Amino acid sequence: MQTYYQKEIETMPPEKLRALQDEKLVRQVRHVWDHVPYYRAKMEAAGVTPEDICGVRDLHKLPFLSKADLRDTYPYGMLAVPLADCVRIQSTSGTTGKRVIAYYTQHDIDLWEDCCARAIVAAGGTKEDVVQVCYGYGLFTGGAGLHGGSHKVGALTLPMSSGNTERQLQFMMDLKSTILCCTPSYAAYIGEAMAEKGIKPEENCLKAGIFGAEPWTEEMRRGIEKSLGIKAYDIYGLTETSGPGVAFECEYQNGMHINEDHFIAEIIDPDTGEVLPDGQKGELVFTSLDKEAFPLLRYRTRDICVLDRTPCPCGRTHVRMAKPMGRSDDMLIIRGVNVFPSQIETVLLQEGYAPNYRIEIDRVNNSDTFDVYVELLPEQFSDTVSAITAMERKLGDALRIMLGISPKVHLVAPRSIERSEGKAKRVIDKRKLHE
Ligand code: ADP
Ligand code: ZN
């Protein structure tokens with residue numbers, strides 16, 4: 001079986017990889033300086049010129065780029081080639097505000113699809129596979145990225161897009177899909193819908209799933225693996241860096257390998273901007289190395305994670321990133337305590353609930369209210385009121401231990417919380433309405 005999509009690059013010795021990055025970085029910086037006046041002005045303000053950047057060791061001299069910069073330069077202020085050389089536009093899903101658009105030359109698309117192909121092959125994909133892509137198609141990068149990657153692998157590609165779960169199941173069974181690609185929340189929903197139809201996990205032909213585009217926990221992974229009868233792989237990316245495929249899991253699932261021949265990853269302290277050593281938790285920053293239309297130097301992702309350079313048994317030499325536990329701007333500050341929705345999800349799954357929940361925060365009389373709504377499982381629904389009150393108390397205690405503050409837990413009827421076909425929206429912060 002094929003183990004790598006681009007073996008020579010994916011297993012390149014670290015010194016050689018570094019030399020390749022050095023050489024590409026010098027070129028990419030020069031390209032930006034020559035063609036993106038906005039970033040050139042930033043460099044000038046920081047007193048840096050392309051001559052100061054001789055390789056990765058000089059990266060720290062370059063100024064950061066943030067989402068605010070991309071919004072300020074919307075739509076074409078970051079364009080580094082003539083617009084006539086671009087062949088595609090994609091856009092963020094706008095989870096945290098105004099959409100950002102990204103532009104691609106054919107070369108940019110090729111490299112992006114190669115990255116997604118690496119992820120598919122790492123999940124065991126070959127030309128014999130039937131890849132069902134139910135990430136959204138359109139402006140969102142999920143559908144386009146995995147679709148292109150699947151073509152590159154030579155697999156039979158089902159461009160389903162998200163939604164119409166009934167039809168997803170029918171095609172999955174009739175066409176014998178072997179690899180499923182979608183958001184983890186949609187994968188969980190598909191698993192649920194399959195069970196409702198009475199289809200057992202072993203009755204489908206799926207062997208693997210490639211799930212990403214939103215944070216998900218290890219507990220959720222196990223739940224999806226069980227309900228679909230597959231091995232579930234994580235994939236990471238963002239529109240700004242092309243889309244999914246910047247990093248992906250191999251069979252050992254000990255972090256996602258970052259495609260370091262195309263991106264340099266750094267971890268910084270989000271407050272001071274200081275570069276942190278490998279192994280420390282901080283904000284992930286990417287520098288692209290090969291992008292033509294939309295190159296990014298030191299782009300702050302706001303995703304919080306850790307890098308790991310210890311060797312991976314799969315033979316890939318590229319650095320691994322831990323699952324991002326959420327974005328710095330996903331973090332809720334409730335009564336002065338930092339809370340990540342992913343922590344709540346971890347507790348729910350540990351306590352045996354499904355990942356169907358909603359978090360509501362509000363401010364009443366200058367004090368934060370914190371409510372967590374969680375669905376009961378169908379078999380718990382018939383329990384008595386006193387049994388349910390006791391369960392609410394038990395879950396509340398578990399959440400308090402994890403978070404350091406106590407939410408009010410509400411167990412609600414099965415299926416009463418809206419399902420997601422794309423990225424799940426689980427937090428309603430009403431405090432913003434009062435500002
Ligand atoms: P938006 O910012 O509007 O959601 P994108 O669709 O480009 O735009 O989403 C990129 C973001 O999605 C990443 O910055 C990250 O926060 C999140 N993300 C993508 N893949 C993963 C993953 N595997 N695990 C956790 N978060 C992810
Ligand atoms: Zn590996």
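Each ligand, and each atom within it, is numbered from 1 in the order the structure gives. All of these numbers come straight from a predicted model, not from anything done at the bench.
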To the nearest 10°, how many degrees is the angle C314 SG to the Zn ion (ligand 2) to C250 SG? 110°

When you check the gap from the basic side-chain N to the acidic O, do R221 and E218 get nearer than 4.0 Å? yes

N or O contact, T301 vs ligand 1, cut-off under 3.5 Å: no

Taking only heavy atoms of D234, which atoms of ligand 1 are found under 4.0 Å from at least one of them? 22 (C), 23 (N)

Report yes if W216 has an N/O atom closer than 3.5 Å to an N/O atom of ligand 1; otherwise report no. no

Under 6.0 Å between ring centres, would you say that holds for F286 and Y299? no

Pull out every atom of ligand 1 sitting under 4.0 Å from any heavy atom of K67, numbered as shown with elements. 2 (O)

A188 backbone acceptor or donor facing E192 side chain under 3.5 Å: no

Donor-acceptor pair, T126 side chain versus E128 backbone, under 3.5 Å? yes

Determine the interplanar angle of the Y76 and Y103 rings, folded into 0 to 90°, and report it as parallel if under 30°, tilted if 30 to 60°, perpendicular if over 60°. tilted

Any donor-acceptor N/O pair, R335 side chain to D368 backbone, under 3.5 Å: yes

Between R358 and E418, is there a salt bridge with N-O shorter than 4.0 Å? no

T239 heavy atoms, cut-off 4.0 Å: which ligand 1 atoms fall inside? 5 (P), 6 (O), 7 (O)

Keeping the roles fixed (side chain from Q280, backbone from P277), state whether a donor-acceptor pair exists under 3.5 Å. no

What atom name does the N, O or S atom of H257 nearest to the Zn ion (ligand 2) carry? NE2

So which bit of I235 gets within less than 4.0 Å of ligand 1, heavy atoms only: side chain, backbone, both or neither? backbone

What verdict does the side chain to side chain contact (heavy atoms under 4.5 Å, CB included) test give for H31 and K291, after you've listed the backbone C-alpha separation in whole Å, the side-chain angles of each residue and the deciding distance to 0.1 Å? CA-CA 10 Å; H31 175 57; K291 287 177 77 189; over 6 Å; no

Nearest heavy atom to atom 10 (C) of ligand 1: which of T183, T241, L238, I304 does it belong to? L238

At under 4.0 Å between heavy atoms, which part of F211 makes contact with ligand 1: side chain, backbone, both or neither? neither

Have a look at E214, K323, M321 and point out the one with the heavy atom closest to atom 24 (N) of ligand 1. E214

Are any of the heavy atoms in R302 under 4.0 Å away from ligand 1? no

Under 3.5 Å, N or O to N or O, is T141 touching ligand 1 that way? no

